[in-house]
*Asks:* 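Take this structure first; my questions come after.
This structure is a prediction, so every number in the text was calculated from the model and none was measured. The chains referred to below are lettered A, B, ... by the order of the sequence lines, with proteins before strands, and numbering in each begins at 1.
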Amino acid sequence: MNEKNESEIIKSREENLKFILEKGIMPYKYSFQRTGTINEILEKNKDIKEGAESEDVEMLAGRLISLRLHGKTIFGHIKDSGNKIQIYVRKDDIGEEQYEIFKKLDIGDIIGVEGKIFKTRTGEITVKVSKFELLTKSLLPLPEKWHGLKDKEIRYRKRYLDLIVNDNVKKNFELRTKIIKEIRNFLDMQGFLEVETPMMQLIPGGAKAKPFLTHHNALDLDLYLRIAPELYLKRLLVGGFEKVYEINRNFRNEGISIKHNPEFTMLELYVAYADYKVVMQIAEDLVVNIADKVLGTRIIEYQGEKIDLTPPWKKLKMTDAIKEYSGIDTEKESEQELINRLKQREVEIRQGITKGELIALTFEEFVEEKLIQPVFITDFPVEVSPLAKESRKNPGFAERFEPYIFGREIGNGFSELNDPKEQEKRFKEQIEQDTGGEVARVIDKDFIEALKVGMPPAGGLGIGVDRLIMFFTDAPSIRDVILFPLLRPQGSE
RNA sequence: GGGUGAUUAGCUCAGAUGGUAGAGCAACUGACUCUUAAUCAGUGGGCCCGGGGUUCGAGUCCCCGAUCACCCA
């Protein structure tokens, strides 16, 4: 950390750099023309016989990750974004002067090599180096080669080191990109239009969460980073788009945990003329499609638990789920009885709480964590579903669902409320109930106005993309699927 | 916000009962022209997270703080 230690450890690298500069070698080259990636070259030469040499001279580049010096020969490995390959350097092949320069390379340097491909006695496909070039000098040591980098703090803070050293980390992030691409592909094929709506909003709506505040100078205007895109996507339904979706960042100014990062990626989609049943089907199809296309299996293992994504997923009304998993009959029990149960679990109960809110809290407290296999929880109390239509069959409950996997809510969907007067009333009730600053104090009048123009009946769905990716990559923490998770800054540096 | 644990060499980790610190890898020097956790011989490297205390003496005990991890709200 301090200068003295650092100079101890990098002294030899600085000396090597000096040696190289004295030889007139530029330590930071502009480019290097490769004949292929390491994977391509390995594939091309996979059938080469032991002792034989390839006809073609190949040019490869990568980071030097290991070195074995044997007097007049050197073995090592270089690694590019796809794979690693062994290199073999002989003094006889590259000449005395070049050999001396090669010996001054350090693990971590990025080099280009030129040479024919052969197979060693031990059967490893190897580059017989006839020429090499230093492309980038590395001045700091890499983490140790077989234990790798374990310290979570350094892994998250210095993700570049994590990516260099831990191959599975890189694979998980590649998988993340594949999953998101597959989501887009799936929706595009069904005629959805991907759109982008404001990240900076005057009134942060569409969810219950504390927002981040920012300021626009020229307009002298306070703005909020969005907590959800919902109200803007619905405006697009009013405008005549019938199937829209957005995959983008939401920001919530709340605690950080294994399941929460202040900025996270959300998918929201809306389908005109559809109700919640239609989007529930889309949610199931979407997840199963990822399993099929990206993993090639519908049975995934998450944190040692086998999860079977094979459709159709179970559907359970919230009150039935409570009955089934906890034995509590919320229809029969009075509000006070539910309050007593919750207080025993040290759940905070606000003054004037409604029955619906109590049902939702009971569900969270007694049921959620038990929902390991995929299940749709439906029929949420209207009081906790201010943007959803009331059920046609089940008064007091909304046409709403949330898919649960491994005790975690991975999405949220409903038949979208499009009655402007009812919507305004629900917003007002929300503001009255809010105690924690999780609801904007102002009603989004423009949104109400849009509803007055007329929004077609519609089903909507939101899916927490990071959490979904956690399942598919068997990641225990959301930080393992976000390249640069938010951490508290450290004092020095 | 509360609780528990961690923090020792560049990395991964040891350091009972308090006596100024150890290993492997990495680094450095030397030997070695098919090695691959190369091998062999040698060398250097530490404000033991920070600040206070207790003690003749603290990496170790106590208090405060920092960061991270996990659990809870």
*Asks:* Using the P atom as the reference point in each nucleotide, state the distance between B:G24 and B:U39 in Å, no decimals.
*Replies:*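 Going atom to atom, P in each nucleotide, I get 12 Å.
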*Asks:* Can you confirm whether A:K91 is buried at NZ, in the sense that more than 12 heavy atoms of other residues, nucleotides or ligands lie under 6.0 Å from that atom?
*Replies:*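 Enclosed: over 12 neighbouring heavy atoms sit under 6.0 Å from NZ of A:K91.
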*Asks:* Look at all strands and tell whether A:L142 reaches a base, only sugar-phosphate, or nothing, counting heavy atoms closer than 4.0 Å.
*Replies:*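 A:L142: no heavy atom of the nucleic acid under 4.0 Å.
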*Asks:* When you compare B:G18 with B:G44, how far apart are their C1' atoms, in angstrom units rounded to a whole number?
*Replies:*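 The answer is 30 Å between these two C1' atoms.
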*Asks:* How close or far is atom C1' of B:U8 from atom NZ of A:K150, stated in whole angstroms?
*Replies:*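 From A:K150 NZ to B:U8 C1': 17 Å.
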*Asks:* Does CD belonging to A:Q33 count more than 12 external heavy atoms closer than 6.0 Å?
*Replies:*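 No, because the 6.0 Å sphere around CD of A:Q33 holds 12 heavy atoms or fewer from other groups.
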*Asks:* Could you tell me the separation between the CD1 atom of A:I164 and the P atom of B:A26, rounded to a whole number of Å?
*Replies:*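 My rounded result for the distance is 18 Å.
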*Asks:* What stems involve RNA chain B, if each pair must be Watson-Crick or G-U and both of its distances must be under 3.5 Å, with 3 or more such pairs in a row?
*Replies:*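 Only these stems qualify: B:1-7 with B:66-72, B:10-13 with B:22-25, B:27-31 with B:39-43, B:49-53 with B:61-65.
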*Asks:* Checking all strands, does A:D92 fall into the base, sugar-phosphate, or nothing category for heavy-atom contacts under 4.0 angstrom?
*Replies:*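 Answer is base: heavy atoms of A:D92 come under 4.0 Å of a base.
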*Asks:* Between A:R341 and A:E333, does at least one N-O distance fall below 4.0 Å, as a salt bridge requires?
*Replies:*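 Yes.
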*Asks:* Using whole Å, report how far NZ of A:K210 lies from P of B:A73.
*Replies:*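 In whole Å, B:A73 P and A:K210 NZ are 16 Å from each other.
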*Asks:* Counting side-chain heavy atoms from CB outward, which of B:G10, B:C70, B:C34 is closest to A:R479?
*Replies:*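 The answer is B:C70, which lies nearest to the side chain.
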*Asks:* Reading RNA chain B from 5' onward, which residue's closest nucleotide shows up sooner: A:L69 or A:D106?
*Replies:*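 Closest to the 5' end, via its nearest nucleotide, is A:D106.
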*Asks:* Could you check if the base of B:U12 is syn or anti? Syn means the glycosidic torsion is within 90 degrees of 0.
*Replies:*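 What B:U12 shows is an anti base, its glycosidic angle lying more than 90° from 0.
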*Asks:* For A:R400 and A:S385, test the side chains for any donor-to-acceptor distance below 3.5 angstrom and give the result as yes or no.
*Replies:*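 Distance-only check passes for A:R400 and A:S385.
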*Asks:* Using the C1' atom on both, measure B:A27 against B:G45 and round to a whole Å.
*Replies:*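 About 9 Å, rounded to a whole number of Å.
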*Asks:* When you compare B:A38 with B:A26, how far apart are their P atoms, in angstrom units rounded to a whole number?
*Replies:*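 Going atom to atom, P in each nucleotide, I get 7 Å.
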*Asks:* Is a side-chain N or O of A:D109 found less than 3.5 angstrom from the main chain of A:D106, in a donor-acceptor match?
*Replies:*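 Side chain of A:D109 to backbone of A:D106: a pair is present.
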*Asks:* On a plain distance test, is the side chain of A:E124 in donor-acceptor contact with the base of B:U35 below 3.5 Å?
*Replies:*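 No, the side chain and the base share no sub-3.5 Å donor-acceptor pair.
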*Asks:* Using the C1' atom in both, what is the distance from B:C11 to B:U17, to the nearest Å?
*Replies:*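 Looking at atom C1' only, B:C11 and B:U17 are 32 Å apart.
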*Asks:* State which residues pass side chain to side chain contact (heavy atoms under 4.5 Å, CB included) with A:E357; sequence neighbours excluded, sorted by chain then number.
*Replies:*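 Partners of A:E357 by the side chain to side chain contact (heavy atoms under 4.5 Å, CB included) criterion, ordered by chain and then number, come out as A:R350, A:I353, A:T354, A:E383, A:V384, A:Q433.
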*Asks:* Considering only the P atoms, how many Å lie between B:U7 and B:C49, rounded to the nearest integer?
*Replies:*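 These two P atoms come out 8 Å apart once rounded.
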*Asks:* Determine, step by step, whether A:R176 and A:T265 satisfy the side-chain hydrogen bond (donor to acceptor under 3.5 Å, both in side chains) criterion, reporting the C-alpha distance in whole Å, the side-chain angles of both residues, the deciding distance to 0.1 Å, and the verdict.
*Replies:* CA-CA 11 Å; A:R176 179 188 170 106; A:T265 301; 3.2 Å; yes
*Asks:* Is a side-chain N or O of A:Y302 found less than 3.5 angstrom from the main chain of A:A475, in a donor-acceptor match?
*Replies:*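 Checked: pair present.
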*Asks:* Quick one: A:I349 CD1 to B:A73 C1', roughly how many Å, whole number?
*Replies:*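 Going from CD1 in A:I349 over to C1' in B:A73 covers 13 Å.
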*Asks:* Distance check, P atoms only: B:C28 and B:U54, in whole angstrom units.
*Replies:*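 It comes out at 46 Å once rounded to the nearest Å.
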*Asks:* Which part of the nucleic acid, if any, lies within reach of A:Y99 when heavy atoms closer than 4.0 Å are counted: base, sugar-phosphate only, or nothing?
*Replies:*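 It contacts nothing in the nucleic acid.
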*Asks:* Which of these nucleotides, B:C28, B:U12, B:A73, is closest to any side-chain atom of A:E365?
*Replies:*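 Given the options B:C28, B:U12, B:A73, the side chain of A:E365 is closest to B:A73.
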*Asks:* Can you find a side chain N or O atom of A:R121 that sits less than 4.0 Å from OP1 or OP2 on B:C34?
*Replies:*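 A:R121 to B:C34 OP1/OP2: no side-chain N or O under 4.0 Å.
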*Asks:* Starting at atom CD1 of A:I65, determine the distance to atom P of B:A26, rounded to an integer number of angstrom.
*Replies:*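 Taking CD1 of A:I65 and P of B:A26, I get 13 Å after rounding.
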*Asks:* How many whole angstroms separate atom CD of A:E369 from atom P of B:C71?
*Replies:*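 For the pair A:E369 CD and B:C71 P, the rounded distance is 12 Å.
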*Asks:* Of the listed nucleotides (B:U12, B:U33, B:A38), which one gets closest to any side-chain atom of A:D151?
*Replies:*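 Comparing B:U12, B:U33, B:A38 against the side chain of A:D151, the answer is B:U12.
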*Asks:* Does any N or O donor sit under 3.5 Å from an N or O acceptor when you compare the side chain of A:T120 with the base of B:U35?
*Replies:*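 Looking at the base of B:U35, it does pair with a donor or acceptor on the side chain of A:T120 (distance under 3.5 Å).
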*Asks:* For A:I258 and B:A69, give me the distance from atom CD1 to atom P, rounded to whole Å.
*Replies:*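 Result: 10 Å.
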*Asks:* Is A:K208 salt-bridged to A:D434, cutoff N-O under 4.0 Å?
*Replies:*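 Looking at A:K208 and A:D434, the cut-off is not met.
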*Asks:* Looking at A:S12, does any N or O in its side chain come under 4.0 Å of the phosphate oxygens OP1/OP2 on B:A27?
*Replies:*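 Indeed not, no polar side-chain atom of A:S12 lies that close.
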*Asks:* Quick one: label A:G148 by what it contacts on the DNA or RNA (base, sugar-phosphate, nothing), any heavy atom closer than 4.0 Å.
*Replies:*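 Sugar-phosphate contact only - A:G148 comes under 4.0 Å of backbone atoms but never of a base.
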*Asks:* Does B:U39 have OP1 or OP2 sitting under 4.0 Å from an N or O in the side chain of A:R68?
*Replies:*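 So the side chain of A:R68 is outside the cut-off, no N or O lying under 4.0 Å from OP1 or OP2 of B:U39.
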*Asks:* Of the listed nucleotides (B:U33, B:U12, B:A38), which one gets closest to any side-chain atom of A:H70?
*Replies:*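 The listed nucleotide nearest to A:H70's side chain is B:A38.
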*Asks:* Between A:S66 and A:I107, which has a closest nucleotide on RNA chain B that is more 5'?
*Replies:*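 Taking each residue's closest nucleotide, the earlier one in sequence belongs to A:I107.
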*Asks:* Would you say a side-chain N or O of A:R155 is under 4.0 Å from OP1 or OP2 of B:C68?
*Replies:*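 No, outside the criterion.
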*Asks:* Once you round it to whole Å, what is the distance between C1' of B:A26 and CG of A:L64?
*Replies:*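 From A:L64 CG to B:A26 C1': 14 Å.
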*Asks:* If you measure from the C1' atom in B:C70 to the same atom in B:A9, how many Å do you get, rounded?
*Replies:*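 Each nucleotide's C1' atom is 28 Å from the other's.
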*Asks:* What is the distance from atom CG of A:N45 to atom NZ of A:K119, rounded to the nearest 0.5 Å?
*Replies:*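 So the gap between those two atoms works out to 10.0 Å.
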*Asks:* Confirm from the modelled atom types if A:R488 and B:U67 form a donor-acceptor pair under 3.5 Å, side chain to base only.
*Replies:*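 By the distance-only test, no, there is no pair.
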